[in-house]
Amino acid sequence: MNVDLLAHPAEEVAPKLLGSVLTCKTPEGTVSIAITETEAYSGEADPASHAYRGRTPRNAVMFGPAGHLYVYRSHGLHWCANVVTGADGTASAVLVRAGRVIEGEDLARERRGEGVESARLARGPGNFCRALGITGEHNGADLLKGPSVAWSEGGPVATALIRVGPRVGVSKAHDWQHRFYLAGDPTVSAYRLSPRAEPSAGA
């Protein structure tokens, strides 16, 4: 993955990450997942971003440099992984929402449960991290150097296959068209409007 590709606003990078691959190596083994769904968060200009109110110890990784992994705990239950983008010093990140396991499916299923079908192993940001083996220990990892977590270029994705829509489950700026996903892919998560959604002016 070329850092120059990542050094742009999240909403520009998010669709370009579709089809690329995230690999995580742990003592249990290696899992690789091709990304099929992303969401862009534009830092201090985005009411739904963790960086909306400025830099804190929690969100410091979001402020760069690009190419690092920002990992946070959602609702105290699930780890979520974000690719840091944009210029160094400016908060910007792309949430990885879903993907297709292309290596290490047995290990991913062991982590997710034996009864989970292949298309659901990494569907949703929490499941993506669980299947891959990402935890808070990976926060700040350099995705361009590895070695525990690394990005690689996937096969080309036709522009005609990319769909754009509102973000899932956020209460603020939920109607911003910052969610990108592959049309008809069974690994993509379902759209759900947050019950706490507030009126938004859009973006």
Side-chain angles (χ1 to χ4, degrees), residues 1-26 30-74 78-99 122 125-126 128-157 162 164 167-168 170 172-173 176-181 203:
M1 181 65 70
N2 191 326
V3 69
D4 292 337
L5 182 150
L6 301 176
H8 299 278
E11 60 271 24
E12 295 180 17
V13 176
K16 297 177 182 178
L17 291 181
L18 297 174
S20 64
V21 178
L22 181 60
T23 298
C24 186
K25 298 180 179 180
T26 67
T30 299
V31 175
S32 295
I33 300 179
I35 297 172
T36 59
E37 181 183 7
T38 60
E39 276 181 351
Y41 288 87
S42 306
E44 295 170 281
D46 186 345
S49 170
H50 288 177
Y52 181 57
R53 300 188 184 281
R55 187 175 186 135
T56 68
R58 182 199 187 198
N59 66 27
V61 176
M62 283 187 71
F63 287 79
H68 287 249
L69 193 67
Y70 168 50
V71 182
Y72 68 88
R73 194 78 140 169
S74 177
H78 310 293
W79 295 110
C80 295
N82 303 256
V83 178
V84 177
T85 68
D88 195 5
T90 302
S92 180
V94 176
L95 172 67
V96 182
R97 285 201 51 86
F128 184 96
C129 284
R130 185 179 299 177
L132 201 55
I134 286 180
T135 69
E137 295 181 0
H138 295 102
N139 186 45
D142 189 334
L143 297 172
L144 304 178
K145 295 181 179 179
S148 60
V149 187
W151 287 96
S152 59
E153 297 285 354
V157 173
I162 299 176
V164 183
R167 295 182 291 200
V168 179
V170 295
K172 297 180 179 180
W176 286 24
Q177 302 295 296
H178 283 188
R179 175 180 174 236
F180 303 87
Y181 58 96

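Throughout, numbering of the chain's residues begins at 1 and tracks the sequence.
Taking the side-chain hydrogen bond (donor to acceptor under 3.5 Å, both in side chains) definition, one finds that Ser42 meets it with Glu11, sequence neighbours left out. Ser148 meets the side chain to side chain contact (heavy atoms under 4.5 Å, CB included) test with His138; sequence neighbours excluded. Under the rule for a ring-ring contact (aromatic ring centres under 6.0 Å, His included), the partners of Tyr72 that lie at least two apart in sequence or sit in another chain are His50, Tyr70. When the side chain to side chain contact (heavy atoms under 4.5 Å, CB included) test is applied to Ala34, the partners found at least two apart in sequence or on another chain are Val21, Arg100, Ile102. Shown here are the side chain to side chain contact (heavy atoms under 4.5 Å, CB included) partners of His8, two or more places apart in sequence or in another chain: Glu12, Val13. Applying the side-chain hydrogen bond (donor to acceptor under 3.5 Å, both in side chains) rule to Thr36 yields the partners Thr187; only residues at least two apart in sequence or on another chain are considered. Residues passing the side-chain hydrogen bond (donor to acceptor under 3.5 Å, both in side chains) test with Tyr181: none are found, sequence neighbours excluded.
Looking at Thr23 and Val149, their side chains never come closer than 4.5 Å, going by heavy atoms from C-beta outward. Annotation: side chain of Val84 is not in contact with side chain of Pro65 (no heavy-atom distance under 4.5 Å). Residues Val61 and Asn139 meet the side-chain proximity criterion, which asks for heavy atoms closer than 4.5 Å. Using a 4.5 Å cut-off on side-chain heavy atoms (C-beta onward), Leu18 and Ile162 make contact. By the 4.5 Å heavy-atom criterion applied to side chains, Asn82 and Val96 are not counted as neighbours.
Taken to the nearest 0.5 Å, the CG atom of Leu143 stands 10.0 Å off from the OG atom of Ser20. To the nearest 0.5 Å, atoms SG (Cys24) and CD1 (Ile134) are separated by 5.5 Å. In this structure, CZ in Phe180 is found 13.5 Å from CD1 in Ile35, a value given to the nearest 0.5 Å. Expressed to the nearest 0.5 Å, how far CG of Leu144 lies from OG of Ser152 amounts to 11.5 Å. With values rounded to the nearest 0.5 angstrom, Ile33 atom CD1 is found 4.5 Å from Leu132 atom CG.
Listed here is the closest heavy atom pair of Gly146 and Ala150: CA-CB, 4.3 Å. Heavy atoms only, all atoms of each residue included: Leu6 and Gly67 are closest at CD1-CA, 3.5 Å. Taking all atoms of both residues into account, the shortest heavy-atom contact from Ala93 to Ala10 is O-CB, 3.4 Å. Residue Gln177 comes nearest to Val164 through the heavy atom pair O-CG1, 3.5 Å, listed as atom of the first residue, atom of the second, then distance. Shown here for Gly99 and Phe128, the closest heavy-atom pair between the two residues is N-CD1, 3.8 Å.
Listed by first and then second residue, the side-chain hydrogen bond (donor to acceptor under 3.5 Å, both in side chains) pairs involving residues 88-98 are Glu37-Arg97, Thr85-Ser92, Arg97-Ser189 (not counting sequence neighbours). Pairs passing the salt bridge (charged side-chain N to carboxylate O under 4.0 Å, His left out) check and including a residue from residues 132-145, sequence neighbours excluded, do not occur. For residues 42-54, every residue pair satisfying the salt bridge (charged side-chain N to carboxylate O under 4.0 Å, His left out) rule, not counting sequence neighbours, is listed here: Asp46-Arg167. Residue pairs meeting the side-chain hydrogen bond (donor to acceptor under 3.5 Å, both in side chains) criterion with at least one partner in residues 56-68, sequence neighbours excluded, are Thr56-Asn59.
At least one test fails for Arg130 against the ring of Trp79: distance under 6.0 Å to the centre or angle within 45° of the axis.
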Derivation of the side-chain contact (heavy atoms from CB on, under 4.5 Å) call for Arg179 and Val168: CA-CA 8 Å; Arg179 175 180 174 236; Val168 179; 3.6 Å; yes
Apply side-chain contact (heavy atoms from CB on, under 4.5 Å) to Val31 and Leu22, showing your working. CA-CA 8 Å; Val31 175; Leu22 181 60; over 6 Å; no
